[in-house]
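Shown next, in structure tokens, is the structure this report addresses.
Predicted model only: the values in this text are computed from it and were never measured.
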Amino acid sequence: MERLNFQVIEKKWQSIFDKEKLYSNKSSKKFYCLEMFPYPSGKIHMGHVRNYTIGDVIARFKFMNGFNVLHPMGWDAFGLPAENAAKENNLHPKKWTEKNISEMKRQLKLMGLSIDWDLEVSTCDENYYKHQQEIFIDFYNEGLVKRKENYVNWDPVEQTVLANEQVINGKGWRSGAVVERKKLSQWFFDITKFSNDLLKGLDELDSWPEKVKIMQKNWIGKSIGCEINFKIEGENNNINVFTTRPDTIFGASFLAVSVDHPICAKFLKNEKYNNFKSECLKVGTTEEALANAEKIGYDTNLFASHPFIKGKKIPIYVANFILMDYGTGAIFGCPAHDQRDLDFAKKYNLQITEVVSDNPNKPKNFSVLSEAFVDNGTLINSDFLNGLTVEQAKAKIIKEIEKLKIGKKKITFRLKDWGISRQRYWGCPIPMIHLKNGSIVPVDKSELPIKLPEDIDLNKGGNPLENHKSWKYTIHKKTGNPAVRETDTLDTFVDSSWYFLRFCSPMTKTEPFDIKKVNYWMPVDQYIGGIEHAILHLLYSRFFMRALKKNNKKIKDNEPFKGLFTQGMVCHETYKDQKGKWLSPLEVEKNSDGALQKISDKTKVIVGPSESMSKSKKNVVDPESMIKSYGADSVRWFILSDSPPEKDIQWSNQGVNAAYKFLQKIYNLCYEVNKGSEKNSNLDKSFNLKMNSYVNKITKCINNFNLNVVVANVYEIYNLFQSHLSKEVSNTCMKNNLIKLMKILVPFTPHIAYECLEMLGAKEIKTWPKVDTKLIKQEKIKIAIQINGKTRDVIEIDKGISQISVEKLCKNNNKVKNKILSKPVHKVIFVKDRIINFIMK
RNA sequence: GCCCUCGUGGUGAAAUUGGUAGACACAAAGGACUUAAAAUCCUUGCCCUUUUGGGAGUGCCAGUUCGAGUCUGGCCGAGGGCACCA
């Protein structure tokens, strides 16, 4: 037995990967393979290992299939943790980040990835963010940047504003603190300008997971309805409402507006109203509050006139459940057919009229029913709409409304503008200056980059840029007048919205990217990353492509990512001691009974469910220590083997150990075959046929991301070799097929695969084994013989054999012949190469 | 509440898309080798039968079909996303 010394082999091949770039190909067909770049937190985790292993398999596989592959890596290097770490360790964010990057880069190299490190990009590098500032100015000039005073989500722990997408259940996505509402002047990207286009674009993304597309679709939230103007009685003023159910207009019994609606301005002197308003704000945005929030209203004592029922007056309320930033901030309430309206109407004793019915002969009494009727039905109590379906009624009433010029058909989106201001230091400075006259203008492009000052005081609280006098005060280049710099920095999601473009030409100094290179490499053919970015990052990047295209007509694509694959998480069992304290796997051992105990005091360990690895639950396994014990190939092999890549995987040390043992066996097999002597070759042909069939299967599996199935097939191939070692297969045949197997292994376990290829004296190691379609046709196949749908035997036959011949074989088959011959056969179902089924009475 | 996904052995999972259910692996039990352990290898893995065999079986109930894990309808259960969006 030849011992596999993975330390030596991995080191050897990694230095070759570095020097020779075994992965770059000068071919006309391009393939851009990209994994989501990591945040440099300090150490890689198993999630990275899984992500980058999957990406590496695809990149190496595509290269071996003749593609010119772009496979870069970089760092999402701005962000708050650097500031927190800086405070804790008294280390400048820049230094901290740089240190982490070099450490993580070293760790990634241990994995043997086929990454072209010459293209490395870091978003905190001024050579990167300089171009981002340029893009910002371009967007500004294009009218895609807005400044708005708005309620913002204020994270009191991080002392910053969060985007809507960063608020999860009313809490900050990172800090977990309850988010407060605060009014601030903010910068926004006008993503809503592209709402419809972003929605439509989803249709062409046929290599994206359906799930992600649905999430984005819901997020964009298109709804078709109409606006209707209600005249306020006794005033020369209107309230414009938005509704998706104009068909229920005859059931309208009240209007409700948001507390922020302009019409409310006149109540601000009213104490009762102010009490009501503060009551509304108090409800806040916590999950609990939202779930239990009672619908409350303020009666304005104003009335609107119903546009279709002469003389009907409708009370106007201010209600806490109406949002100013959706629709027009005002609705009409139709209690019988909307749950919220029903709740509200009952509370304030408002009229409830049924206008849509599933049974027009049997009127419902909604003032006693607790559920509104929201399904389709027939219109009743609705004048000229009576008898129509909901769809018909909608069309008719919109026509009528437009005819009377009191409203129009309207499409509304749920998507809101992207707030990009962050009151933080460690981010890309926004290249704008505030002039004395109150106007805000971009800096001159020649002044870029607006560099982050390095001499900052992080312990003062708030935004260090705000406190940095010599940085903050500047002059307006054009006029020479004094000016104040914008002290907000950009949301880090801006950084990651175009890095994939920068990778196409990271050395370009004068522009964000070289348009020729971008149009060659883009779109990303395969993007791989976590599902957690299904909305944020992916939607923003799709917006950026469109915005850049608008600005720079030469960009040919709308969509940045042609193919998307979202991998599952890496999980591990959780452990607690008797006191309920979390334990790391390193603090736990097996006792003689096989039960788990705490190493320190031998007390029993409580094993919890397997959950995604997290520091808080201590169920993390350090990739580097695993690589040290088992080798990178074993870690890669295991993380691909147990579960389909899109599903969660359970890390287990037994599993990675099994992977290690298997690679040892593979290495041994190569060693034995390599020094073996020539034998008879009677079985060569069938061996070749089988191997060829496996290559075919595996090639298809990789293209479908069924990487765990590839692993299973490789195990089968190994078993095939083992069972044929003592049979009449020539050594040459074995060796040739073993070379094929090693080539298959290159994308998965590159170090050992190349080592074995070298050992076996393979002349050519850069191409994927070819599938011989002629051989596929010659394969033997197994066909099931069924009687009345039940399988009675399985026989091996040549492909394509006719029904008559198969029937003949059955009549001579010991296991089934008595059964077929003893009774009359009613019918025979025959599917070529699949099955024969005898139907007996 | 709305939307989506998924239910297959002790475990992770395969199943050529309607055609041999449980490939492949982990764990377990028994055995071989060994002074012993580790490592390695073999066998077993639902029910009935000594065997040859036979039967049940993919969350549950029905349906379509020669044939259903796969298709249809209805339940039950788990996970995820959104959430006062008019």
Side-chain angles (χ1 to χ4, degrees), chain A residues 1 168-170 209-219 221-223 225 241-246 248 256 258 283 287 289-291 293-295 319-323 325-334 337-341 343-344 371 374 412-416 531-532 534-535 594 610 638 641-644 646-650 652 654-655 657-659 661-662 664-665 693 696-697 700-701 706 708-719 722 781-795 815 826-831 833-840:
Chain A
M1 185 159 135
I168 295 152
N169 290 332
E210 216 47 44
K211 188 163 77 166
V212 175
K213 286 197 275 183
I214 287 167
M215 279 163 80
Q216 291 215 356
K217 198 179 157 199
N218 292 341
W219 192 266
K222 179 176 181 172
S223 49
V241 307
F242 173 72
T243 179
T244 56
R245 293 295 303 271
T248 63
S258 161
V283 171
E287 186 183 8
L290 277 176
E294 202 188 339
K295 284 167 187 56
N320 64 338
F321 63 95
I322 307 301
L323 309 171
D325 51 6
Y326 183 78
T328 58
I331 61 140
F332 76 76
C334 176
H337 306 291
D338 183 286
Q339 193 58 47
R340 290 155 306 176
D341 296 351
D343 296 344
F344 193 78
E371 251 180 75
V374 294
T412 299
F413 294 91
R414 214 184 67 117
L415 183 68
K416 294 185 181 94
I531 187 80
E532 66 273 20
I535 300 171
S610 184
F638 169 66
S641 68
D642 251 23
S643 294
E646 69 277 11
K647 282 179 70 173
D648 287 355
I649 192 171
Q650 287 213 43
S652 91
Q654 269 153 349
N657 189 43
K661 282 197 265 184
F662 176 69
Q664 167 73 63
K665 287 199 274 185
S693 156
N696 184 36
K697 237 167 144 179
K700 283 182 185 158
C701 279
N706 299 324
N708 57 322
V709 185
V710 174
V711 171
N713 277 305
V714 169
Y715 277 112
E716 282 186 32
I717 296 174
Y718 172 79
N719 293 340
Q722 276 300 326
I781 44 126
K782 283 175 179 171
I783 178 166
I785 305 171
Q786 296 188 337
I787 292 170
N788 289 337
K790 275 185 186 146
T791 304
R792 297 299 166 177
D793 198 16
V794 177
I795 52 170
K815 283 186 183 167
H826 178 62
K827 196 179 169 188
V828 180
I829 311 279
F830 178 76
V831 182
D833 297 345
R834 290 274 164 84
I835 203 154
I836 185 159
N837 188 4
F838 294 91
I839 311 303
M840 328 279 293

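The side-chain contact (heavy atoms from CB on, under 4.5 Å) test applied to A:Asn719 returns no partner, not counting sequence neighbours. In this view, A:Ile835 and A:Ala784, A:Gln786, A:Val831 satisfy the side-chain contact (heavy atoms from CB on, under 4.5 Å) rule, not counting sequence neighbours. By the side-chain contact (heavy atoms from CB on, under 4.5 Å) test, A:Ser610 pairs with A:Cys571, A:Gln650, sequence neighbours left out. Shown here are the ring pair (Phe, Tyr, Trp, His ring centres under 6.0 Å) partners of A:Tyr718, two or more places apart in sequence or in another chain: A:Phe662. With sequence neighbours excluded, the residues that form a side-chain contact (heavy atoms from CB on, under 4.5 Å) with A:Ile829 are A:Lys827, A:Asn837, A:Ile839.
Pairing for B:A15 is absent, judged as Watson-Crick or G-U wobble with the two contacts each under 3.5 Å. Across all strands shown, B:C6 pairs with B:G77; the Watson-Crick or G-U wobble distances both stay below 3.5 Å. The base-pairing partner of B:A29, taking Watson-Crick or G-U wobble contacts with both distances under 3.5 Å, is B:U43.
Comparing the C1' positions of B:U49 and B:A56 gives an interatomic distance of 15 Å, to the nearest angstrom. Annotation: B:G22 and B:U58 have their P atoms spaced 14 Å apart (nearest Å). Taking atom P on both B:C6 and B:A86, the two are 27 Å apart, rounded to the nearest angstrom. Across the P atoms, B:C42 and B:U52 are found 22 Å apart, a figure rounded to whole Å. Taking the C1' atom of each, B:G63 and B:G18 are spaced 15 Å apart, rounded to whole Å. For the C1' atoms, the distance linking B:A21 with B:G73 amounts to 25 Å, nearest Å. With P as the reference atom, B:U40 and B:A27 are 10 Å apart, rounded to whole Å. Rounded to the nearest Å, the gap between the C1' atom of B:C26 and that of B:G80 is 27 Å.
Rounded to an integer number of Å, the gap from CE of A:Met215 to C1' of B:G81 is 5 Å. The distance from atom NZ of A:Lys647 to atom C1' of B:G80 is 13 Å, rounded to the nearest whole Å. Atom CG in A:Asn706 sits about 12 Å away from atom C1' in B:U16, given to the nearest Å. What separates CH2 of A:Trp219 from C1' of B:A83 is a distance of 10 Å, to the nearest Å. With rounding to whole Å, A:Phe242 atom CZ is found 7 Å from B:A86 atom P. Computed from coordinates, the A:Glu210 CD to B:C6 P distance equals 11 Å when rounded to whole Å. Residue A:Glu646 contributes atom CD, which lies 17 Å from atom P of B:G80 at whole-angstrom precision. In this entry the distance linking NZ of A:Lys211 with C1' of B:G79 reads 9 Å, nearest Å.
Annotated as syn: B:G9, whose O4'-C1'-N torsion sits within 90° of 0. Glycosidic conformation, B:U70: anti, with the torsion outside 90° of 0.
The side-chain heavy atoms of A:Val710 and A:Asn706, taken from C-beta on, include no pair separated by under 4.5 Å.
Mapping A:Lys827 and A:Asp338 onto RNA chain B via the closest heavy atom, the residue that lands nearer the 5' end is A:Lys827. Ranked by how close their nearest RNA chain B nucleotide is to the 5' end, A:Tyr718 and A:Ser641 are led by A:Ser641.
Within 6.0 Å of NZ on A:Lys213 lie more than 12 heavy atoms contributed by other residues, nucleotides or ligands.
When heavy atoms are screened at a 4.0 angstrom cut-off, A:Lys217 is found touching no nucleic acid atom at all. Note on A:Lys700: nothing from the nucleic acid sits closer than 4.0 angstrom, heavy atoms only. A:Thr328 comes within 4.0 angstrom of nothing in the nucleic acid, heavy atoms only.
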Write out a two-atom table: protein N or O, nucleotide N or O from nucleotides 17-28 of chain B, distance below 3.5 Å.
from: B:A23; atom 1: O2'; to: A:Glu716; atom 2: OE2; distance (Å): 2.8

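Distances shown here put every side-chain N or O of A:Lys295 at or beyond 4.0 Å from the OP1 or OP2 atom of B:C84. The phosphate of B:C2 has neither OP1 nor OP2 within less than 4.0 Å of any side-chain N or O from A:Arg414. For the pair A:Ser643 and B:A13, the criterion of a side-chain N or O lying under 4.0 Å from OP1 or OP2 is met.
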Quiz item: Can you list the steps and then say if A:Phe830 with A:Ile783 is a side chain to side chain contact (heavy atoms under 4.5 Å, CB included)?
Solution: CA-CA 10 Å; A:Phe830 178 76; A:Ile783 178 166; 4.3 Å; yes
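The backbone N or O of A:Asp341 lies less than 3.5 Å from a partner atom in the side chain of A:Asp338, making a donor-acceptor pair.
The nucleotide whose nearest atom lies closest to any side-chain atom of A:Arg792 is, among B:C84, B:G55, B:A13, B:G55.
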